[in-house]
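Before any comments, here is the structure.
Being a predicted model, the structure only gives us computed values, none of them experimental.
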Amino acid sequence: GSWCPAPLCRGRELPRPPLAPACAVGRPLRWESSFSQPGPTESDPSEGQVFLSESCVKRLLEITEGSEFLRLQVEGGGCSGFQYKFSLDTVINPDDRQGQRRGARVVVDVDSLAFVKGSMVDFSQELIRSSFQVVSNPQAEKGCSCGTSFSVKF
């Protein structure tokens, strides 16, 4: 089997969560551009949505403080060509898109959003690890068993 590193959040270990059933029902986030576009070029708000599962929202509300949010990035690498990277952040960049559900915030840069639009962010608790994961990504062709790496449909 292939080895995939567990994601780290800003170098600090995330506290162990209490065991609770994960609910995979997601609802759309409210997306806001960090800068406004003039008139008719305004993009459709439903375009480029990412969804948050109940377990993701619950976990984010437990671990974020103040202005912290979960940043999702897509980078080249991993066993399938691209990999998901999660971190806690407080800085919004001009090309970021942010969404929130019940106060839990996720920020994705425009380039990464093209690779994850329509997918869901879930928080998975297993015996050997707990991690945020991107699940049911319509842009991905296949992924590795650890859920952090994927290839893109062409």
request  = Determine whether Gln133 and Val121 make a side-chain contact, defined as any pair of heavy atoms from C-beta on separated by less than 4.5 Å.
outcome  = no
ask   = Is the shortest distance from a Lys or Arg side-chain nitrogen in Glu54 or Arg102 to a carboxylate oxygen in the other one below 4.0 Å?
value = yes
note = Closest heavy-atom pair, Ser136 versus Pro138, reported as atoms and distance to 0.1 Å, is O-CD, 3.2 Å
remark   = Nearest heavy-atom approach of Arg101 to Ser53 is NH1-C, 3.8 Å
message = Are the side chains of Leu72 and Val134 in contact, using a 4.5 Å heavy-atom criterion?
response = yes
message = Main chain of Lys117, side chain of Gln139: is a donor-acceptor contact present, judged purely on distance under 3.5 Å?
response = yes
Heavy-atom side-chain contact between Leu60 and Val106 under 4.5 Å = yes
query = Do Cys56 and Phe132 come within less than 4.5 Å of each other through their side chains, counting heavy atoms only?
reply = yes
message = side-chain contact (heavy atoms from CB on, under 4.5 Å), that's the test. Do Val107 and Ile92 meet it? Break it down for me.
response = CA-CA 8 Å; Val107 171; Ile92 302 279; 3.7 Å; yes
note = In this structure, NZ of Lys85 is separated from OG of Ser112 (nearest 0.5 Å) by 10.0 Å
key: Pairwise distance CG(Leu70) to CZ(Phe123) - rounded to 0.5 angstrom   = 10.5 Å
ask   = Where do Val116 and Val50 come nearest, in terms of heavy atoms and distance?
value = O-CG2, 3.8 Å
query = Judged by modelled atom types alone, do Gln100 and Arg105 share a side-chain donor-acceptor pair under 3.5 Å?
reply = no
key: Arg71 and Asp96: CA distance, side-chain angles, deciding distance, side-chain contact (heavy atoms from CB on, under 4.5 Å) verdict   = CA-CA 10 Å; Arg71 177 175 291 283; Asp96 284 338; 2.9 Å; yes
message = Suppose we screen for side chain to side chain donor-acceptor pair (under 3.5 Å). Which residues come up paired with Ser119, at least two apart in sequence or across chains?
response = none
key: Spacing of CG belonging to Leu113 relative to CD belonging to Gln49, to within rounding of 0.5 Å   = 9.5 Å
task = Provide the closest heavy-atom pair for Ala140 versus Tyr84 in the form atom of the first, atom of the second, distance.
result = CB-OH, 4.4 Å
ask   = Looking at Asp109 and Arg97, does any basic side-chain N land under 4.0 Å from a carboxylate oxygen?
value = no
ask   = Is Asn137 close to Val135 at the side-chain level, that is, under 4.5 Å between some pair of heavy atoms?
value = no
query = Could you state the interatomic distance from OG (Ser131) to CD (Gln125), rounded to the nearest 0.5 Å?
reply = 10.0 Å
ask   = Are any non-hydrogen side-chain atoms of Thr64 and Phe69 less than 4.5 angstrom apart?
value = no
ask   = So, are Lys58 and Glu62 salt-bridged, with charged N and O less than 4.0 Å apart?
value = yes
Closest heavy-atom pair and its distance - Gly103, Leu61 = C-CD2, 3.8 Å
